[in-house]
Structures are given as C-alpha cells and as structure tokens.
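One structure is given here, and the rest of the page talks about it.
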Amino acid sequence: MWRLLPLLGLCYLLNYVDRVNVGFASVTMRPDLGLSATAYGLGAGLFFIGYFFFEVPSNVILHRVGARLWIARIMISWGIIASATAFVQGPTSFYVVRFLLGFAEAGFFPGIILYLTYWFPRVQRARVVALFFLAVPLSSVVGGPLSGLLIDHGEGVLGFDAGWRFMFFLEGLPAFLLGIVVLFVLPDRPRKARWLRREEAAALEDTIAREDAAEVPHAPGLRAALADRRVIALSVVYFGVVFGLYVLAFFLPQVVDELSTSLSATVIGLVTAIPYAVAAVVMVVVARSSDRTGERVLHVAVPVLLGAAAVAVALYLDSPALVIAAVTVCACGVFAAIPVIWQLPPTFLTGVGAAAGIALINSFGNLSGFVGPYLTGWLEDLTGSLRAGMWCVAGFMTLSAVIVLLLGRSVREAGRPAAAGAGGGGDRLVAPDHPGTRPPAT
C-alpha cells in the first residue's frame with residue numbers, strides 16, 4: 001500500500017487536475033475565445049468522446065503489455081496535450097484539443113482499478129480504491145486554489161497573453177515528467193517488485209488467484225463480459241453517479257461566481273475546495289464500512305440518494321453558505337459511492353474479461369462527462385440559469401440508486417437456490433460473506 005498508492009494517487013491527482021481545470025479557466029476563457037455556454041459545455045464534454053472510443057482497447061492492451069509501460073505512455077501523451085491547450089484560439093481548436101486529451105487519457109483510471117486487483121485481496125479493495133480515489137477531491141482542494149492563482153497572476157508570464165493559458169501550459173508538465181518516472185519504477189505484478197521477497201510475492205499472487213477461482217469459477221471472456229447484463233447495468237449506474245461528479249467539476253466554479261460576483265479566481269478556487277475536502281473524509285469512512293461489513297449495494301445506493309436530494313434542495317436556497325453545504329452533501333454522496341461501485345465487477349469478472357468489463361463500465365459512465373456539461377450548458381443558455389442542469393443531476397443520481405438497488409435485489413434472489421447447492425451462486429453480484437473474505441481476528 002505504501003509502495004504503490006502514493007505514486008498512483010499522485011498520478012491520478014494530476015490526471016484529474018488536467019481533466020477539469022477547464023472549469024476554472026472557463027470564467028475568463030469563455031469571453032476571451034467567444035464561447036457560449038453551449039459551446040463551452042460541448043468542448044468540455046468532447047474529452048469523453050475520445051475517452052469512450054479508446055477505453056476498452058486501452059485496458060485490454062494494459063492487461064497484455066503490463067501497467068508500467070502503458071500507464072507511462074498514457075501519462076506522457078496526456079501531459080503534452082494538456083499543455084497544448086494553452087494555445088487554442090477559438091471553438092474549433094478547443095474542441096480538437098479536448099477530444100485528443102480524452103483519447104490520450106483513455107484507459108488510465110480503469111487500468112489502475114484493474115492493476116489494484118493484481119495486488120490486493122478482496123477484503124481490502126474498497127478501502128484501497130478509496131485511498132487511491134482521494135486524488136480526486138484532493139485535486140480540487142489543491143488544484144482549485146492553484147489554478148485560480150495561476151489564472152490571476154499568469155498573464156504575461158512566458159509571453160502568455162492570458163492567465164488561463166499559462167495555467168494550462170504549466171499544469172500539463174508534471175504529468176509528462178511523472179510518466180517518465182512511472183516507466184522506471186512501477187512494477188507490473190508482485191513477482192516483479194524488487195521490494196518483495198520471492199515467497200511474499202508468491203503468497204500474495206496465490207491468495208488473489210484462489211479468491212478469483214472461488215468467487216468467479218466460470219469467468220466470462222472478452223466478448224461475454226462486454227455483453228453481460230450486470231456490466232451493462234453497472235454502466236448505467238456509473239453513468240448517473242459520474243454525471244453528478246462532472247457537472248460539479250465543470251460548473252461549480254460558475255455557481256460560486258454567481259453567488260458572489262466580487263470573488264477573484266483564487267477565492268473561487270478556495271471556496272470550491274470545501275465540498276471536496278469534506279467528501280474525501282466521508283469517502284474513506286464509507287469504504288472502510290463496506291469492507292468491514294462486506295455489504296456493497298446499500299453503501300452505493302444510500303449515499304447517492306442523499307446526494308441527489310441535496311442537489312434538489314440546493315435549488316431553493318438563497319444563502320450562499322447553505323448552497324455550498326448542500327453541494328457538499330452531494331459531493332459526499334458521489335465520492336462515497338464510487339470506490340464501492342468498483343468492488344462489484346470483480347465479483348463476477350477476472351482476467352481479460354475484467355479488463356474489458358471494467359473499461360466498458362468506466363467508458364459508458366464517463367460518457368456522462370460529455371452529456372452532463374453539454375446538457376447543463378444548453379439548459380443554461382435556454383433558461384438563463386443553472387437550475388435546470390442541477391435538476392438533471394438529481395434525476396440521474398436517483399436513477400442510479402434505484403437501478404443498483406433493483407440489481408442487487410434481483411441477483412440476490414436469483415442466487416438463493418443456487419447458493420444452497422454445492423458450488424452454486426455463480427450469478428452473485430455481491431460477494432458472499434464467508435470466512436475467507438474477512439481478515440483474521442486480532
């Protein structure tokens with residue numbers, strides 16, 4: 001955990017900063033480039049079209065060539081393109097660079113989720129994914145104020161005529177440099193880690209292999225995994241949850257700006273960090289609870305429903321402090337659910353099927369990163385307010401919670417007769433509660 005998660009978390013922090021810093025740039029970039037809210041939403045969302053088309057192939061390649069080489073390739077290419085955003089001149093170049101950024105980044109997050117299954121037993125994974133996913137709220141806690149500071153003071157630096165251009169150029173460089181570090185230091189599997197003794201690596205890989213064989217005795221292959229109804233259902237669930245995540249990321253700075261038009265970009269960055277700081281703590285607590293109890297479905301559905309309700313309530317609040325509080329509850333619901341969602345696919349997928357299935361769930365889920373900003377921007381142009389877009393967030397999150405509840409119930413009911421027989425229960429979504437899934441008593 002100490003050897004892998006700090007490095008992987010830093011990589012993901014940079015990934016998320018480069019993905020959503022366009023939200024902080026939008027306040028000054030939109031008038032500079034003459035972008036309407038619809039055009040900005042389209043450009044912000046085009047990232048996910050490029051992401052979608054290369055997601056599954058990228059994860060399959062990672063499974064075959066190894067995480068070290070492929071993650072390094074992803075980071076180096078996205079760092080170059082992220083910095084190139086500084087040179088966009090209008091809507092067309094903005095659209096092109098956002099599409100290429102998504103194409104370059106495709107496979108990074110699902111690749112890491114798959115990579116973690118090579119290293120950690122099931123009973124630890126929700127907590128491990130939560131610690132890794134801390135990079136997202138931390139990227140907003142750190143990246144928001146940093147992006148605002150660079151925008152406020154970057155004009156004229158290195159010859160850039162606007163602070164937002166300097167921000168894009170500077171924030172893309174660390175990903176490029178860290179990608180080179182990953183190429184030399186990230187081990188593909190436990191047996192290739194120099195800091196593990198041979199018997200330790202063998203014991204770890206044997207434990208994970210036995211878990212996979214017991215939990216997924218007849219794991220689907222590549223094509224079967226892509227057509228599995230549980231993969232499709234979880235894709236819809238993840239779509240709704242991530243819809244809320246990206247609308248917050250791309251439009252929260254504008255919400256704060258509308259609440260008080262006298263705030264600088266630096267102060268807006270500080271205020272938008274509040275929901276993410278609180279959500280980081282809640283996410284780890286919920287993930288630990290899910291690992292401790294072995295329960296997954298309610299640990300997804302309940303936070304998402306609370307988040308949806310908070311968004312709906314926020315629409316009718318006049319106090320800026322109360323609006324930020326409601327947005328914080330929404331952020332907590334989204335972040336608490338995501339690490340637990342990723343514990344569901346490995347209960348019925350392994351190997352290349354897991355690589356493909358996890359990538360498909362993530363790619364369809366992240367299509368909401370296109371639909372969310374574009375739909376929200378279009379509704380803002382149509383109505384003159386972000387309120388309609390926030391209603392969409394609440395609606396999609398509620399749909400996700402309902403689907404995961406129905407899916408969990410139907411699969412448990414379908415699995416009861418099989419579970420009673422020898423070797424049954426192959427269609428379970430939620431991992432069984434047996435002694436092998438719990439840590440030894442201390």
### Message
Could you check whether Phe109 and Tyr12 have their ring centres less than 6.0 Å apart?
### Response
yes
### Task
For the pair Ser289 (side chain) and Val285 (backbone), establish whether a donor and an acceptor sit closer than 3.5 Å, ignoring hydrogens and angles.
no
### Query
Taking side chain as C-beta onward, heavy atoms only, is Leu7 less than 4.5 Å from Leu178?
yes
### Message
Looking at every heavy atom in both Cys330 and Val311, which two are closest together, and how far apart are they?
### Response
SG-CG2, 3.1 Å
### Task
Identify the heavy atoms of Ala126 and Arg296 that sit nearest to each other, and give their distance.
CB-NH1, 3.4 Å
### Query
Between Ser93 (side chain) and Gly90 (backbone), is there a donor-acceptor pair under 3.5 Å?
yes
### Query
Would a 4.5 Å heavy-atom cut-off, applied to side chains only, mark Leu234 and Tyr238 as touching?
no
### Task
Determine yes or no for a side-chain-to-main-chain donor-acceptor pair under 3.5 angstrom, with Asp18 supplying the side chain and Ala82 the backbone.
no
### Message
Determine whether a donor-acceptor pair (N or O, by modelled atom type, separation under 3.5 Å) exists between the side chain of Glu200 and the backbone of Arg197.
### Response
yes
### Query
How long is the gap from CG on Leu177 to CE on Met75, to the nearest 0.5 Å?
9.5 Å
### Message
Taking Leu46's backbone N and O only, do any of them form a donor-acceptor pair with Arg98's side chain (distance below 3.5 Å, no angle check)?
### Response
no
### Query
When rounded to the nearest 0.5 angstrom, what distance separates CD in Glu105 from OG in Ser58?
11.0 Å
#### Entry: Taking every non-hydrogen atom, the tightest pair across Arg127 and Asp291
N-OD2, 2.8 Å
### Message
Rounded at 0.5 Å granularity, tell me how far CG in Leu186 sits from CZ in Arg68.
### Response
8.5 Å
### Shortest non-hydrogen separation from Ser290 to Glu295 and the atoms involved
OG-O, 2.7 Å
### Between Phe108 and Trp78, ring centroids under 6.0 Å
yes
### Message
Just checking Phe103: does its CZ atom have more than 12 heavy atoms from other residues, nucleotides or ligands closer to it than 6.0 angstrom?
### Response
no
#### Entry: Stepwise side chain to side chain contact (heavy atoms under 4.5 Å, CB included) check, Val236 with Ser400
CA-CA 7 Å; Val236 177; Ser400 292; 5.9 Å; no
### Query
Within the distance-only criterion (no hydrogens, no angle test), does the side chain of Glu155 pair as donor or acceptor with the backbone N or O of Ile151 below 3.5 angstrom?
no
### Query
Do NZ/NE/NH1/NH2 and the carboxylate oxygens of Arg189 and Glu205 come within less than 4.0 Å?
no
### Interatomic distance, Arg125 atom CZ to Ile208 atom CD1 [nearest 0.5 angstrom]
6.0 Å
### Task
Kindly say whether Arg198 contributes a backbone atom to a donor-acceptor pair with the side chain of Arg191 at under 3.5 angstrom?
no
### Task
Flag the pair Phe133 / Trp342 as yes when their ring centroid distance falls below 6.0 Å, and as no otherwise.
no
### Task
State whether a side-chain donor-acceptor pair under 3.5 Å links Tyr118 with His63.
yes
#### Entry: Side chain proximity check, Met283 to Ile338, heavy atoms < 4.5 angstrom
no
### Task
Show your reasoning for whether side chain to side chain contact (heavy atoms under 4.5 Å, CB included) applies to Phe239 and Phe243.
CA-CA 6 Å; Phe239 180 96; Phe243 190 98; 4.2 Å; yes
### Side-chain donor-acceptor contact under 3.5 Å, Tyr51 with Asn362
yes
#### Entry: Side chains of Leu183 and Leu69 in contact at under 4.5 Å (non-hydrogen atoms)
yes
### Task
Could you tell me whether the side chain of Arg210 reaches within less than 4.5 Å of the side chain of Asp206, counting heavy atoms only?
yes
### Query
Looking at side-chain heavy atoms only, is the closest gap between Met397 and Val241 below 4.5 Å?
no
### Task
Decide whether a cation-pi geometry holds between Arg165 and Phe160; the criteria are a distance under 6.0 Å from NZ or CZ to the six-membered ring centre and an angle within 45° of the ring axis.
no
### Message
Measuring from atom CH2 of Trp70 to atom CG of Leu62, what distance do you get when rounded to the nearest 0.5 angstrom?
### Response
8.5 Å
### Query
Are any of the side-chain heavy atoms of Ser83 and Phe176 separated by less than 4.5 Å?
no
### Message
Quick check on the 6.0 Å ring-centre criterion: do Phe52 and Phe364 meet it?
### Response
yes
### Task
Starting from the C-alpha separation in whole Å, work towards a yes-or-no answer on side chain to side chain contact (heavy atoms under 4.5 Å, CB included) for Tyr40 and Leu33.
CA-CA 10 Å; Tyr40 164 72; Leu33 298 181; over 6 Å; no
### Query
Should Val282 and Phe335 be marked as a side chain to side chain contact (heavy atoms under 4.5 Å, CB included) after you check the CA-CA gap, both sets of side-chain angles, and the distance that decides it?
CA-CA 8 Å; Val282 173; Phe335 282 100; over 6 Å; no
### Task
Of all the heavy-atom pairs spanning Gly107 and Asn59, show the shortest one and how long it is.
O-OD1, 3.7 Å
### Message
Is the shortest side-chain heavy-atom distance between Phe120 and Leu204 below 4.5 Å?
### Response
no
#### Entry: For the student: nearest non-hydrogen atoms of Ser147 and Met167, plus distance
CB-SD, 3.5 Å
### Message
Ring centres under 6.0 Å, that's the criterion: do Trp164 and Phe169 meet it?
### Response
no
### Message
To the closest 0.5 Å, what do you measure between CG (Leu8) and CG (Leu116)?
### Response
6.5 Å
